[in-house]
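See below for the structure under consideration.
On a predicted model such as this, the values are computed, not experimentally measured, just so you know. Reckoned from all heavy atoms, side chains included, excluding hydrogens, waters and symmetry mates. If you read the sequence from its start, that first residue is 1, and numbering goes on from there.
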Amino acid sequence: QPQLVESGGGSVQTGGSLRLSCKASGFRFYSYSMGWFRRGPGNEREGVAVISPRGDGSTYGDSVKGRFTISRDNSANMVYLQMNSLKPEDAAVYYCGRATRAYVLQHLSADGFADWGQGTQVTVSS
């Protein structure tokens with residue numbers, strides 16, 4: 001049974017940084033693209049980033065390009081999201097997901113993902 005557990009959320013000031021982690025288990029981690037999505041106060045789900053199975057390709061949402069970096073460690077079944085230059089509009093619950101469709105690297109859509117974690121809260125104060 002696939003399981004994803006996020007951690008690393010917290011409260012930071014504008015301009016600060018956080019590193020989110022996601023521990024995966026129950027599936028062949030190295031075979032799947034992995035991604036991060038978020039759901040903010042408006043309750044809309046937004047694609048943040050996705051990384052290819054081997055970590056040699058990634059795609060980012062327009063609002064986080066140049067500030068966030070997704071990475072993975074296949075030896076540890078971990079995926080990370082380094083978030084720099086945080087803004088108040090980045091405040092959200094961040095979710096880790098396992099991609100089940102190859103198109104997610106070209107089109108960052110939640111429809112291509114399954115097996116979400118429970119989420120980790122990020123708060124950014126101005």
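- For Q13, the CD atom sits in a loose shell: 12 or fewer heavy atoms of surrounding residues, nucleotides or ligands are nearer than 6.0 Å.
- In the hydrophobic cluster analysis, where Ile, Leu, Val, Met, Phe, Trp and Tyr join through side-chain heavy atoms closer than 4.5 angstrom, Y32 is grouped apart from M78.
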Could you go through the side chain to side chain donor-acceptor pair (under 3.5 Å) check for E46 and S63 one step at a time? CA-CA 10 Å; E46 178 186 6; S63 62; 2.6 Å; yes
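- A single hydrophobic cluster is seen to contain both V122 and V48, as judged by linkage of ILVMFWY side chains at heavy-atom distances under 4.5 Å, directly or through other members.
- Contact record, T100 with A114: CG2-CB, 3.9 Å, taken as the closest heavy-atom pair.
- By the criterion of side-chain heavy atoms lying less than 4.5 angstrom apart, applied directly or through intervening Ile, Leu, Val, Met, Phe, Trp or Tyr residues, V124 is grouped together with W36 in one hydrophobic cluster.
- When all heavy atoms are compared, the tightest approach of R38 to A92 is CB-CB, 3.8 Å.
- A distance of 12.5 Å separates CD of Q121 from CZ of R39, quoted to the nearest 0.5 Å.
- When atom types are taken as modelled, the side chain of N74 and the backbone of P53 share a donor-acceptor pair closer than 3.5 angstrom.
- From R101, atom CZ reaches atom CZ of F113 across 12.0 Å, with rounding to the nearest 0.5 Å.
- Listed here is the closest heavy atom pair of G117 and Y95: O-CD2, 3.5 Å.
- In the hydrophobic clustering, Y30 connects to no other residue, as no ILVMFWY side-chain heavy atoms lie under 4.5 Å from its own.
- Rounding to the nearest 0.5 Å places CD of Q1 at 10.0 Å from OG of S25.
- From S109, atom OG reaches atom CZ of F37 across 6.5 Å, with rounding to the nearest 0.5 Å.
- The backbone N or O of S126 lies less than 3.5 Å from no partner atom in the side chain of K87, so there is not a single donor-acceptor pair.
- Criterion: ILVMFWY side-chain heavy atoms under 4.5 Å apart, direct or through other members. Under it, L20 and F29 are part of a common hydrophobic cluster.
- Here CG of L4 is found 5.0 Å from CZ of F27. Values are rounded to the nearest 0.5 Å.
- Of the possible donor and acceptor atoms, none in the side chain of E6 sits under 3.5 Å from a partner among the backbone N and O of T120.
- Heavy-atom minimum distance, L105 versus S33: CD1-OG, 3.9 Å.
- Here the side chain of Y60 pairs a donor or acceptor atom with the backbone of I70 at under 3.5 angstrom.
- Linking ILVMFWY residues whenever their side-chain heavy atoms come closer than 4.5 Å, directly or via other members, places V93 and V50 in the same cluster.
- The two residues S85 and D90 make their nearest non-hydrogen contact at O-OD2, 4.3 Å.
- Although no hydrogens or angles enter the test, the distance criterion places a donor-acceptor pair under 3.5 Å between the side chain of T14 and the main chain of S125.
- Atom-to-atom distance recorded for R54:CZ and R72:CZ is 11.0 Å, nearest 0.5 angstrom.
- The shortest non-hydrogen separation linking Q82 to S17 is NE2-CB, 4.0 Å.
- Salt bridge K65/D62: present, at least one basic N to carboxylate O contact under 4.0 Å.
- Note: F68 and Y94 have tilted aromatic rings, judged against thresholds of 30 and 60 degrees for the angle between ring planes.
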